[in-house]
Q: 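A single structure is presented below for examination.
Any value given below was found using the heavy atoms of this structure, including those in side chains, with hydrogens, waters and symmetry copies removed. Just so you know, ligand 1 is whichever comes first in the structure, and atom 1 is the first atom listed for that ligand.
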Amino acid sequence: MKVLVFGANGQVGQALVQQLSGAAQVLALHRHSSQACGDLQNLQGIAQTVRDWRPEVILNAAAYTQVDRAEDEPELAQHINAQAPAAMAEAAREVGAWLVHFSTDYVFDGSGHTPWREQDACAPCNAYGHSKWLGEQAVRNSGARHLIFRTSWVFAAGHPNFARTMAQLAQSRDTLQVVNDQYGVPTYAPWLAQVVCAALPQAMAQGMQGVYHAAPAGQTNWCDYAAYVLQGAQQRAPQLPWRVQTPQPIASAAYPTRAKRPANSRLDCSLLHQSFGVQPVPWQRGVNAWLEAEYPTP
Ligand SMILES: NC(=O)c1ccc[n+]([C@@H]2O[C@H](COP(=O)([O-])OP(=O)(O)OC[C@H]3O[C@@H](n4cnc5c(N)ncnc54)[C@H](OP(=O)(O)O)[C@@H]3O)[C@@H](O)[C@H]2O)c1
């Protein structure tokens with residue numbers, strides 16, 4: 001199977017390429033690729049890449065993911081998160097390819113305490129979420145066969161993310177305050193890649209296109225998540241100069257950010273489980289795998 005990957009250097013993109021290696025003929029592109037255009041700012045370029053290479057599947061893991069910065073450059077966020085997926089989807093329809101696209105719990109307004117379902121109303125509370133919502137609509141309305149996976153709190157070894165930032169700050173600061181009133185589920189990118197690769201052939205065989213929520217089981221808040229990361233990191237690497245053992249909980253109101261963050265990022269993933277037989281795994285399993293990769297035993 002010919003698979004074209006955009007955003008191959010990101011957390012999810014890299015995990016997808018690793019997961020696919022050996023099983024598919026993969027063209028993995030990033031922003032500066034020389035073999036074909038992989039720059040989502042170049043709409044004609046990425047459409048031409050699709051037309052030239054004629055893949056059976058396009059995996060779009062590229063995105064503008066800087067949530068705070070998106071408040072200051074919403075047009076650029078929309079260009080990459082909405083207009084580029086639209087151009088990709090149009091070209092996918094032309095060549096008959098499936099488009100797998102990724103979205104986020106940030107398409108919801110973050111209210112309430114129950115996990116969001118696929119059909120719940122979208123009302124993003126910041127510019128990044130708005131750009132991702134526009135991207136979803138563009139893919140859905142394109143006429144291309146598609147899968148959209150909404151996920152949350154993504155992390156992978158070797159990349160900048162919340163877990164790595166917490167571990168670094170715990171070695172450079174004397175105290176660490178982390179919000180404890182925003183709830184969600186940390187999603188390990190290699191787990192997400194496995195889910196995508198398990199679901200995709202079933203979706204293609206049975207025409208099961210649509211939106212699916214994809215996150216592991218359980219829930220946590222940022223402070224408890226940070227505590228879990230620090231405890232594991234300190235157990236695995238006691239020789240490092242840890243200065244903070246445990247983060248202190250604070251309310252979001254005491255930690256203002258440029259972009260508003262949703263308080264409720266929980267995703268109901270029962271449709272994914274029922275449709276593709278994906279077994280729920282606790283989010284801690286992904287963090288444990290991340291800890292093993294970031295702090296290997298000698
Ligand atoms: N990270 C999260 O917590 C999270 C949560 C929910 C949903 N998601 C969604 O999951 C998907 C994957 O996210 P991720 O965590 O893997 O993000 P990531 O690690 O930030 O990767 C995004 C990739 O997109 C690339 N990119 C940005 N602008 C580009 C452009 N103009 N042309 C080509 N590539 C470009 C980036 O390249 P550069 O490094 O060169 O900029 C980066 O490699 C995205 O759709 C994201 O919206 C992420």
Q: Is Glu136 salt-bridged to Lys132, going by a charged N under 4.0 Å from an acidic O?
A: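 No salt bridge links Glu136 with Lys132.
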Q: Distance to 0.1 Å, residue and atom name: give those for the protein heavy atom nearest to atom 26 (N) of ligand 1.
A: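 I find the closest protein heavy atom is Ala63 O, 3.8 Å.
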Q: Near Thr104, which atoms of ligand 1 are under 4.0 Å from a heavy atom of that residue?
A: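 Atoms satisfying the 4.0 Å criterion: 6 (C), 7 (C).
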Q: Any side-chain hydrogen bond (donor to acceptor under 3.5 Å, both in side chains) involving residues 14-34? Give me the pairs, sequence neighbours left out, ordered by first then second residue.
A: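 Applying side-chain hydrogen bond (donor to acceptor under 3.5 Å, both in side chains) to every pair that reaches into residues 14-34, excluding sequence neighbours, yields Gln14-His159.
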Q: Quick one: pull up CD in Gln11 and CG in Leu16 and give me the separation to the nearest 0.5 Å.
A: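 Taking CD in Gln11 and CG in Leu16, the distance rounds to 12.0 Å.
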Q: For atom 39 (O) of ligand 1, is the nearest protein heavy atom under 4.0 Å away?
A: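 When distances to the protein are checked, atom 39 (O) of ligand 1 has no heavy atom within 4.0 Å.
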Q: Students should be able to answer this: which protein heavy-atom is nearest to atom 37 (O) of ligand 1, and at what distance?
A: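 The answer is Arg31 NH2, 3.9 Å.
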Q: Which ligand 1 atoms are under 4.0 Å away from a heavy-atom of Lys132?
A: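 With Lys132 as reference, the close atoms of ligand 1 come out as 44 (C), 45 (O), 46 (C), 47 (O).
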Q: Say whether Gln41 and ligand 1 are in contact under the criterion: heavy-atom distance to a ligand atom below 4.0 Å.
A: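 Gln41 counts as a contact of ligand 1 under the 4.0 Å cut-off.
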Q: Within a 6.0 Å radius of atom CZ on Arg243, are there more than 12 heavy atoms belonging to other residues, nucleotides or ligands?
A: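 Yes, the 6.0 Å shell around CZ holds more than 12 heavy atoms from other groups.
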Q: Measure the acute angle between the ring planes of Tyr228 and Trp283, then classify it against the limits of 30° and 60° as parallel, tilted or perpendicular.
A: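 Ring orientation, 0 to 90° scale: perpendicular.
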Q: Under 4.0 Å from ligand 1, counting heavy atoms only, is it the side chain of Thr65, its backbone, both or neither?
A: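 Only the side chain of Thr65 comes within reach of ligand 1.
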Q: Atom 32 (N) of ligand 1: which protein heavy atom is closest, and how many Å away?
A: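 Checking every protein heavy atom, the shortest distance to atom 32 (N) of ligand 1 gives Leu40 N, 2.9 Å.
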Q: Taking NZ, NE, NH1 and NH2 as the nitrogens, is one of them in Arg69 or Asp72 under 4.0 Å from a carboxylate oxygen of the other?
A: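 Judged by the 4.0 Å cut-off on N to carboxylate O distance, Arg69 and Asp72 do not form a salt bridge.
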Q: In the protein, which heavy atom is nearest to atom 43 (O) of ligand 1, and how far is it?
A: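 Nearest neighbour among protein heavy atoms for atom 43 (O) of ligand 1, to 0.1 Å: Gly10 N, 3.2 Å.
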Q: In the structure I gave you, are the side-chain heavy atoms of Trp290 and Asn161 within less than 4.5 Å of one another anywhere?
A: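 They are in contact (side-chain heavy atoms under 4.5 Å apart), so the answer is yes.
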Q: Starting from atom 10 (O) of ligand 1, which protein heavy atom do you reach first, and at what distance in Å?
A: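 Heavy-atom neighbour on the protein nearest atom 10 (O) of ligand 1: Phe102 CB, 3.8 Å.
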Q: Numbering the atoms of ligand 1 from 1, which are under 4.0 Å from a heavy atom of Thr151?
A: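 Once the distances to Thr151 are compared, the set is 6 (C), 7 (C).
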Q: If the cut-off is 4.0 Å to any non-hydrogen atom of Val12, which atoms of ligand 1 fall inside it?
A: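 Checking each atom against Val12, I get 12 (C), 16 (O).
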Q: Where does the angle between the aromatic ring planes of Phe108 and His213 fall among parallel (under 30°), tilted (30 to 60°) and perpendicular (over 60°)?
A: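 The rings of Phe108 and His213 stand perpendicular, inter-plane angle above 60°.
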Q: In Å, rounded to the nearest 0.5 Å, how long is the span from OH of Tyr106 to CZ of Arg261?
A: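 So the OH of Tyr106 and the CZ of Arg261 are separated by 4.5 Å.
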Q: Please state which part of Phe6 comes within less than 4.0 Å of ligand 1, counting heavy atoms only: side chain, backbone, both or neither.
A: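 Looking at Phe6 and ligand 1, no heavy atom falls under 4.0 Å.
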Q: Tell me whether Tyr64 reaches ligand 1 (any heavy atom closer than 4.0 angstrom to a ligand atom).
A: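 Tyr64: no contact with ligand 1 (<4.0 Å).
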Q: Could you tell me, atom by atom, which parts of ligand 1 come under 4.0 Å of a heavy atom of Asn9?
A: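 By the 4.0 Å cutoff, the relevant atoms are 43 (O).
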Q: Show the atoms of ligand 1 that are less than 4.0 angstrom away from any heavy atom in Gly38.
A: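 Selected atoms, number and element: 32 (N), 33 (C).
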Q: When you check the gap from the basic side-chain N to the acidic O, do Glu118 and Arg150 get nearer than 4.0 Å?
A: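 Between Arg150 and Glu118 there is no salt bridge, as every charged N stays at least 4.0 Å from the carboxylate O atoms.
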Q: So for Tyr128, does at least one of its heavy atoms come nearer than 4.0 angstrom to any atom of ligand 1?
A: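 Judged by the 4.0 Å heavy-atom criterion, Tyr128 does count as contacting ligand 1.
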Q: Salt-bridged, Asp68 to Lys260, with N to O below 4.0 Å?
A: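 No, this pair does not count.
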Q: Compute the minimum heavy-atom distance from Ser103 to ligand 1 and say whether it is under 4.0 Å.
A: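 For ligand 1, residue contact (heavy atoms, under 4.0 Å) with Ser103 is present.
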Q: Quick one: look up the protein heavy atom nearest atom 35 (C) of ligand 1 and list residue, atom name and how far away it is.
A: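 Checking every protein heavy atom, the shortest distance to atom 35 (C) of ligand 1 gives Ala62 CB, 4.0 Å.
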Q: In the protein, which heavy atom is nearest to atom 3 (O) of ligand 1, and how far is it?
A: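 I find the closest protein heavy atom is Val154 N, 2.9 Å.
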Q: For Asp39, counting its heavy atoms only, list the atoms of ligand 1 lying under 4.0 Å from any of them.
A: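 What qualifies from ligand 1 is 30 (C), 31 (N), 32 (N).
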Q: Number the atoms of ligand 1 from 1 as they appear, then name those within less than 4.0 Å of a heavy atom of Ala61, with their elements.
A: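 Counting atoms of ligand 1 from 1, those under 4.0 Å from Ala61 are 12 (C), 22 (C).
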Q: Is the distance from the ring center of Tyr225 to that of Phe162 below 6.0 Å?
A: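 Ring centres of Phe162 and Tyr225 closer than 6.0 Å.
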Q: Which residue and non-hydrogen atom of the protein lie closest to atom 19 (O) of ligand 1, and at what distance in Å?
A: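 For atom 19 (O) of ligand 1, the nearest protein heavy atom comes out as Gln11 N, 3.0 Å.
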Q: Quick check on Gln44: does its CD atom have over 12 non-hydrogen neighbours (other residues, nucleotides or ligands) under 6.0 Å away?
A: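 Atom CD in Gln44 is not crowded, with 12 or fewer foreign heavy atoms closer than 6.0 Å.
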Q: For ligand 1, note which part of Asn161 has a heavy atom under 4.0 Å away: side chain, backbone, both or neither.
A: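 Within the 4.0 Å criterion, Asn161 makes no contact with ligand 1.
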Q: Please indicate whether Gln231 has more than 12 foreign heavy atoms, meaning atoms of other residues, nucleotides or ligands, lying under 6.0 Å from its CD.
A: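 Open.
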